[in-house]
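Heads up: the structure comes next, in structure tokens.
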Amino acid sequence: MSGGKPINPRGTKYEKVEFPVFEFPVVGKARYSYTTGEALGRFLAGLKEGKILGTYCAGCGRVFVPPRIYCSYCFKEVDGWLEAKDEGVVVTAVMSYISATRARLERPVAVGVIKLDVPGRQFDDHFFPGIMHYICGATEDDVKSMRIFGARVKAKWKRPEQRTGSITDIECFEVVRP
Amino acid sequence: MTNRNLNFKHRVAVVGAGLTLFRSRMLETPQELAWLAAKQALDEAGLTLKDIDCVVIGSAPDAFDGVHMKGEYLAEGAGGIHKPTIRVFVGGATGVFVPIAAWWHVASGLCKRVLAVAEEKMSHAAKPHTQYVFRYIWDPVVEKPLNPNLIWIFAMEMHRYMHKCGVKKEDIALVSVKNKRNACGHPSAQLCMPNITVDDVLKSEVLVWPVQLLDISPTSDGAAAVVLASEEEARRITDTPVWIKGIGWTLDTTHWTNRDLAYPEYVRRAAEMAYRMAGIDNPRKQIDVAEPYDPFDYKELHHMEGLGLAKKCEAPILTREGVTQRDGDLPINPSGGLLGVGNPIAAAGLMKVAEIFWQVRGEAGERQVKKPVYTGLAQAWGDLMQAGTVIVMGI
Ligand SMILES: [Zn+2]
């Protein structure tokens, strides 16, 4: 074809119908059952109470949301806990037209990374408290035009009795219209 | 011997490379694919398995092939039986990590001739979709409950890059067009598209805006292999060894929501390590051809900037000006890359190393770049915007 290497690479392309395949579920009906760990355990308990908790390192000044029990940069224990506000700005956002299994969604959903406010602290673009979540109140055009970048958003919480101590205790981050 | 930041005993050369076809679905088992590529690499080097001291295997998540202990499983087809054999794994960055690990086997003096094999069979993970396997990459506590699709994270990185650098989708689509056209010169290629246009990319199915179907490499089955040898052995095996001049690899944190995604720090640090060792201080001038990792079209641009082959936000401009074409001043992904040749994850990264090997030897046929090649670079990236692996090779 090209006169170049590799010469005659081998292998047999096939369509599903041409040869038998042997199908098995991943591991029967097995399911993983993940522990939260110390830091995320407390973080999730905070969500149940409508609070977004983080940890901080006095050595380098970093704030960790989601929290860690250690500063991986100074490699020492964090110096304590703090509460981030349940609002912040969108640093990136996208519009998903597919589900986790790649099926087409009936309506696209916006999702992004939110840089959270922490009273009395400033963060640059290189390291900041931030989480991924759904963004509600953003149109397709808001995302495609990139107007959503830098937009202020605020957590839309589930009602207290509906919360289970999960990241989904926040339904989404809602765009704050001025 | 130039030795700028690491202590090692032996210079190391690549002396042979082999590939299978890359296709969305192949009849061969993972072991058979590994064997086909390994045998071709040995044949090209004029060696047999008896000549091989140690074997290094690379493969990405076990979940694709659906076989646990994939290194042990692949060992037979990869020539690793009754030899010191290991499997290495750094997600998508694995393919370039395989020759890096093979390098230290030889550089340390432990082994003289090493067979390095990478394999992936994504088609086994058939239901509900190959992509579903990627859900195990997300954090199980704070991310997985949101039911993410892995393309989300790439779309977020791509959009952040577009926002920060003012890049248009039209400019990014040029990468996909270039690579899918380049692939027509590659005998292993899965997606040769000689007539593809920017318009085709922009009109393809929108998956997660700004990512569309033709912005992404396909899922693939395939294998690749290279043979490495110490200086003394390499000179005995061939008149045209291709030296490994620099290697680098780094990891960033899995906490990707705490970092700026506009610039790939994980690649910059790996490149700096490799450049220090290779004595490169001006990569834009000293690298003649490069194969940066391109599972998505924007990733080629992003990685060019991380590698210092373009200034920040400059890669789209170089692309638009034709600098990165095969006949350009800085040919990028002349193989056709993952976008064109295909993306059997670990094998795709090693395919890039094989391409640089053949480009340096002037054996790439119609893919051979126009300018003379003294030094080339291959790079891969993986995990949650995390892993960077870089190799610099040359005469
Ligand atoms: Zn610290």
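Just so it is clear: chains get the letters A, B, ... in the order the sequence lines come, proteins before strands, and each one is counted from 1.
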Next item on the list: Start with the C-alpha gap between R10(A) and E28(B), add the side-chain angles, then the distance that decides, and say whether salt bridge (charged side-chain N to carboxylate O under 4.0 Å, His left out) holds.
Entry: CA-CA 10 Å; R10(A) 291 171 65 189; E28(B) 286 77 10; over 6 Å; no
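Neither the backbone nor the side chain of I153(B) has a heavy atom closer than 4.5 Å to any heavy atom of chain A. With a 4.5 Å cut-off on non-hydrogen atoms, K144(B) touches chain A through its side chain but not through its backbone. Only the side chain of L40(A) comes within less than 4.5 Å of a heavy atom in chain B; its backbone stays farther off. Only the side chain of F43(A) comes within less than 4.5 Å of a heavy atom of chain B; its backbone N, CA, C and O stay farther away. Of the atoms belonging to S123(B), not a single heavy atom falls under 4.5 Å from chain A. Of the two parts of S72(A), neither the backbone nor the side chain holds a non-hydrogen atom closer than 4.5 Å to a non-hydrogen atom of chain B. Both the backbone and the side chain of E363(B) come within contact range of chain A, with heavy atoms under 4.5 Å apart. For a residue to count as touching a neighbouring chain, one of its non-hydrogen atoms must lie under 4.5 Å from one of that chain's; by this rule L36(B) touches chain A with the side chain only. Both the backbone and the side chain of M162(B) have a heavy atom closer than 4.5 Å to some heavy atom of chain A. Only the side chain of E44(B) comes within contact range of chain A, with heavy atoms under 4.5 Å apart.
Ring planes of W152(B) and Y134(A): perpendicular class, angle over 60° (limits at 30 and 60°).
The backbone N or O of F128(A) sits less than 3.5 Å from a side-chain atom of N258(B), completing a donor-acceptor pair.
Under the 4.5 Å side-chain criterion, counting only non-hydrogen atoms from C-beta, T257(B) is in contact with P66(A).
Taking D124(A) as the reference, H126(A) meet the side chain to side chain contact (heavy atoms under 4.5 Å, CB included) condition, with sequence neighbours excluded. The side chain to side chain contact (heavy atoms under 4.5 Å, CB included) test applied to L44(A) returns T36(A), L47(A), V141(B), not counting sequence neighbours.
Comparing Y263(B), W358(B), F22(B) by how many heavy-atom pairs each has under 4.5 Å with chain A, the most go to W358(B).
Here E355(B) does not pair with K5(A) in a salt bridge; the nearest charged N to carboxylate O distance is not below 4.0 Å. D125(A) has a carboxylate O that lies under 4.0 Å from a charged side-chain N of K164(B), or vice versa, which qualifies the two as a salt bridge.
Residues of residues 111-121 of chain A lying within less than 4.5 angstrom of chain B, judged on heavy atoms, are V111(A), G112(A), V113(A) in numerical order.
Sorted by first then second residue, the disulfide (SG to SG under 2.5 Å) pairs that include residues 34-133 of chain A, not counting sequence neighbours, number zero.
If you take CD1 on I148(A) and NE2 on H163(B), they are separated by 11.0 Å, rounding to the nearest 0.5 Å.
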